[in-house]
Amino acid sequence: KKKGFIFDLDGVIVDTAHFHYLAWKNAAAIFGFELTEELNEQLKGVSRIDSLHKILDWAGASISQERFDAITADKNIEYLQYVQKMTKDDILPGVYDFVSKVKEAGFPIALGSASKNARAILAKVELLHLFDTIVDGTNVTKAKPDPEVFLIGASQLNCDPKDCIVFEDSVAGVSAANAANMISIGIGSEDNLGHATFVYQDFTYFPDDLLEQLTEP
Ligand code: B16
Ligand code: MG
């Protein structure tokens, strides 16, 4: 059976997770709320709109739709200012080598991201050419932990979900991969990604034969 590889973007391929954090921290400060890194874990992989809903919940604030739209727009403007400065040097360690190896071995590759900025970011870091398909916040109606993003990815790669391997840094994303019946590789810490099939701190911690292990019949 043909294996398929699906990579999350923010926090897996590039460290835009940190840029999201900085921009949401400023948005939360509008309500006098301090967004800590610990709470921010719960925003990872979550859509822009759901992220602001969560922050408003934590801050105990309620606002008009107009204000809601203005805050998400401003957050994205600030976020894109950080993204503008990105180059291929911002690809996280070990990622280029691993994804290239998957490509050279002939396995199909998808991006599975909640971000509406995914295509622009991949272009900035010059990685678009490695992906056979891109599923992102512009194609998906149900946010992670719903498996939709990864199921669309599998179908576009023409692979069975159970033959797909998902690389994810977020709690919601690992849950989405598991719900899709895929193998989940958590990138980060066991502390919050213990529900993943395997967890590695980052791509440089992969065993040399990980690709072989994951794809042997
Ligand atoms: P945007 P991923 C997610 O991307 C981020 O982890 C999450 O923090 C962000 O809110 C979401 O994308 C939406 O991003 O505002 O750019 O549309 O991790 O699924 O690649
Ligand atoms: Mg992520």
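Note that this is a predicted model, so its numbers are computed, not measured. Both ligands and their constituent atoms are indexed starting at 1 by order of listing.
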* Structure fact -> At the Mg ion (ligand 2), OD1 of Asp169 and OD2 of Asp8 open up to roughly (10° bins) 80°
What protein heavy atom is closest to [atom], reported as residue, atom name and distance in Å?
| atom | result |
| --- | --- |
| atom 6 (O) of ligand 1 | Gly45 N, 2.7 Å |
| atom 17 (O) of ligand 1 | Lys116 N, 2.7 Å |
| atom 14 (O) of ligand 1 | Ser115 CA, 3.3 Å |
| atom 15 (O) of ligand 1 | Arg48 NE, 2.7 Å |

* **Ring centroid separation Phe19 to Tyr82 under 6.0 Å** => yes
* Locate the shortest heavy-atom distance separating Asp50 from Ala143; write the atom from each residue and the value. => OD2-CB, 3.8 Å
* **Which atom of Val12 lies closest to which atom of Asp8, heavy atoms considered** => CB-O, 3.4 Å
* Is the Mg ion (ligand 2) less than 2.8 Å from an N/O/S atom of Glu168, whether that atom is in the backbone or a side chain? -> no
* Taking atom types as modelled, find out whether Asp160 and Asn181 have a side-chain donor-acceptor pair closer than 3.5 angstrom. => no
* Of Arg67, Gln65, Glu66, which meets side chain to side chain contact (heavy atoms under 4.5 Å, CB included) against Asp69? -> Gln65
* Asked: Would you call Glu104 and Lys101 a salt bridge, taking side-chain N to carboxylate O under 4.0 Å as the test?
  -> no
* **Carboxylate-amine/guanidinium proximity below 4.0 Å for Lys103 and Asp132** => yes
* Option whose closest heavy atom lies nearest to atom 11 (C) of ligand 1, chosen from Asp8, Val46, Asp10 -> Val46
* Once the angle between the rings of Phe5 and Phe7 is folded into 0 to 90°, is it parallel (under 30°), tilted (30 to 60°) or perpendicular (over 60°)? -> parallel
* Asked: Counting heavy atoms not belonging to Ile30, are there more than 12 under 6.0 Å from its CD1?
  -> yes
* Asked: So does Glu38 have more than 12 non-hydrogen atoms from other groups sitting under 6.0 Å from CD?
  -> no
Sub-4.0 Å atoms of ligand 1 with respect to non-hydrogen atoms of [X]:
| X | value |
| --- | --- |
| Asn117 | 1 (P), 16 (O) |
| Leu9 | 20 (O) |
| Ser113 | 2 (P), 4 (O), 19 (O), 20 (O) |
| Leu43 | 7 (C), 8 (O) |

* Asked: Do ligand 1 and Lys144 have nitrogen or oxygen atoms that lie under 3.5 Å from each other?
  -> yes
* Where does His20 meet ligand 1, judged by heavy-atom distances below 4.0 Å: at the side chain, the backbone, both, or neither? -> side chain
* Report the part of Ser51 (side chain from C-beta onward, or backbone N, CA, C, O) that has a heavy atom under 4.0 Å from ligand 1; answer both or neither where that applies. => side chain
* Can you name the N/O/S atom of Asp10 that is nearest the Mg ion (ligand 2)? -> O
